[in-house]
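These notes are about the structure you will find just below.
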Amino acid sequence: MSPYESDPVDRLVTASADGEDQAVEAALRPKLLEEFIGQERVREQLSLVLQAARKRGAAPDHVLLSGPPGLGKTTLSMIIAAELNAPIRITSGPAIQHAGDLAAILSSLTEGEVLFLDEIHRMSRPAEEMLYLAMEDFRVDVIVGKGPGATAIPLELPPFTLVGATTRAGLLPPPLRDRFGFTGHMEFYAPAELERVVHRSAGLLDVEIDPAGAAEIAGRSRGTPRIANRLLRRVRDFAQVRHDGLVTREIAARALEVYEVDARGLDRLDRAVLEALLKLFGGGPVGLSTLAVAVGEEAETVEEVAEPFLVREGLLARTPRGRVATAAAWQHLGLTPPQPARAPGGARGGQQNGLWADGQAQGQG
């Protein structure tokens, strides 16, 4: 299972979406490609694909969008349909467990319609194999009957565009990946891009915010627009209840302190992992199960929920001997790394190999 799929939605900094997020995102989503913020390379490439298709008067190539959740894959799929002035059908891989489920969806598509298939890597294998033929030849074979008397009836499909989204492109089988004419990988956002996202969302939510306040929220959003929008809503609540409603840097920092999101976007679980690693085990190395017991969480939770972001931020490293904190982790928590123990004779433990090598060299001399 992907770490993104296991990320619990009750964390304020999770990239997964709950019901509230989905409702708000529907109002905040840009409608056209030129309104979409960030992902400059993917946006330019996709614009060329769509413009060329419009000039030819044909359905564009199938599109695969990969990357962590919360970066805009669903939004881009809706923009593709809007740019083509075509209807969109939305479903997901886990919802298609049988080939018949997919056949029912495909047979009801209209010409030029966009089919958005979220988490496409979680689709069942029989449905996957049916999709090969549908994407390439716009045809599906419907099996009628069972056993030796079963008959395959070919069903022609109107030209359509499949937009697949996945958080784990590596799990897609090569035959399926090869049938996508365009593949775009979504990258985490830079702070400056997230500031633009926060300003745009604040305008749509009627929130007063100054540039410094937007920068403070963007810096704690872990490179993800969905998290930025969620933090903006929580800061808005704090500003309206305890102040005059204007979001400044100080107000944003105090609000996110209440919600336990620190200056680098770490929440309670992230900090608990780091503090256990540094204070209890001197920075490591320490095994995953031991670290999980110290934090009071399941090993899978530590490995799949907390560690990916800590590794990406350069605060933690995975080694064959166990988890090790980096110098940046000590600095972030304001702690001083322990000094290496001295070996007998006054030499530090880290110098033993060097002393042994020097002695060997002198013996050879």
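Small disclaimer: the values here were computed from a predicted structure and weren't measured. In this chain, numbering begins with 1 at the start of the sequence shown.
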*asked:* Tell me if the CD atom of E257 is crowded by more than 12 foreign heavy atoms within 6.0 Å.
replied: no

_Over 12 foreign heavy atoms within 6.0 Å of CD, Q240_ = yes

*Inspect the contact between E216 and R220 and indicate whether a charged nitrogen and a carboxylate oxygen are less than 4.0 angstrom apart.*
yes

_Given the ring of F238, does R254 sit roughly above its face, with NZ or CZ under 6.0 Å from the centre of the six-membered ring and within 45° of the axis?_
no

_Pairwise ring pair (Phe, Tyr, Trp, His ring centres under 6.0 Å) hits with a residue in residues 250-299, at least two apart_ = none

*Is it true that R179 and E136 make a salt bridge, defined as a side-chain N closer than 4.0 Å to a carboxylate O?*
yes

*Once the angle between the rings of F138 and F160 is folded into 0 to 90°, is it parallel (under 30°), tilted (30 to 60°) or perpendicular (over 60°)?*
perpendicular

_Side chain K279, main chain L274, donor-acceptor under 3.5 Å_ = no

*List the steps, then state whether side chain to side chain contact (heavy atoms under 4.5 Å, CB included) holds for E113 with R89.*
CA-CA 7 Å; E113 190 166 356; R89 187 83 55 93; 3.3 Å; yes

*Does a sphere of radius 6.0 Å around CD in E156 hold more than 12 heavy atoms from other residues, nucleotides or ligands, not counting ones at 6.0 Å or beyond?*
yes

*Would I90 and M78 satisfy side chain to side chain contact (heavy atoms under 4.5 Å, CB included), going step by step from the backbone distance to the final call?*
CA-CA 9 Å; I90 300 176; M78 295 183 174; 3.6 Å; yes

*Check: R312 side chain, R222 main-chain N or O, donor-acceptor pair, under 3.5 Å*: yes

*If you count the non-hydrogen atoms of other residues, nucleotides and ligands that lie under 6.0 Å from CZ in R139, is the total more than 12?*
yes

*What residues, two or more places apart in sequence or in another chain, satisfy side chain to side chain contact (heavy atoms under 4.5 Å, CB included) together with I37?*
R196, V197, R200

*Considering residues, nucleotides and ligands other than Q45, do more than 12 of their heavy atoms fall under 6.0 Å from its CD?*
yes

